[in-house]
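Atoms considered below: every heavy atom in the structure, side chains included; atoms not considered: hydrogens, waters and symmetry mates.
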Amino acid sequence: MERKSSHILNASSNLLGFSLVIITSLKISKISQSTHLDEFAGIACLFFAFSCFFSFLAIRTKKEKQENKFENIADYLFLIALFCIVLAVIIVTMKVI
């Protein structure tokens, strides 16, 4: 089975940047006080950052048991962060409609 740590690292680092752009644009436009969008994006940033960290550890470790553990942690953190981004998109959609 092919390891997915490198894919998690790549995707979570890209989505971390996307989440930071969301937060920055909300702060610049001063919309962050009226929605919970920045909170969801901030939580997503934290989970994406930790996902990057654990996927990097999974890539660098030599022990297979630890590699599997780190990869699973990174995978679940990535999934939670995606859920936060989906919530942010739902908030934006509901405000636009």
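Residues L37 and L15 are members of one and the same hydrophobic cluster, defined by side-chain heavy-atom contacts under 4.5 angstrom among Ile, Leu, Val, Met, Phe, Trp and Tyr. Cluster annotation: F56 and F53 are assigned to distinct hydrophobic clusters (Ile/Leu/Val/Met/Phe/Trp/Tyr, side-chain heavy-atom contacts under 4.5 Å, transitive). When hydrophobic clusters are built by joining Ile, Leu, Val, Met, Phe, Trp and Tyr residues whose side-chain heavy atoms come closer than 4.5 Å, directly or via intermediates, F54 is grouped together with F47. Transitive grouping of hydrophobic side chains (ILVMFWY, heavy atoms separated by less than 4.5 Å) brings F50 and I43 into a common cluster.
Atom NZ of K27 and atom CD1 of I22 lie 13.0 Å apart (nearest 0.5 Å). For the atom pair K69 NZ and L57 CG, the distance stands at 11.0 Å (nearest 0.5 Å). In this structure, the separation between SG on C45 and CG on L20 is 4.0 Å, given to the nearest 0.5 Å.
Listed for the S25 side chain is a donor-acceptor partner under 3.5 Å among the backbone atoms of V21. In this structure, the side chain of N10 does not engage the main chain of S6 through any donor-acceptor pair within 3.5 Å.
Of all heavy-atom pairs between L9 and C52, the closest is CD1-O, 3.5 Å.
In this structure the side chain of S13 never reaches within 4.5 angstrom of the side chain of F48, judged on heavy atoms.
Every side chain to side chain contact (heavy atoms under 4.5 Å, CB included) that A58 has, sequence neighbours left out, goes to S5, E67, F70, E71.
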Distance-only criterion, 3.5 Å: show the donor-acceptor pairs between side-chain atoms of residues 72-87 and protein atoms not counting sequence neighbours.
{"unit_1": "N72", "atom_1": "ND2", "unit_2": "N68", "atom_2": "O", "d": "3.3"}
{"unit_1": "D75", "atom_1": "OD2", "unit_2": "K4", "atom_2": "NZ", "d": "3.0"}

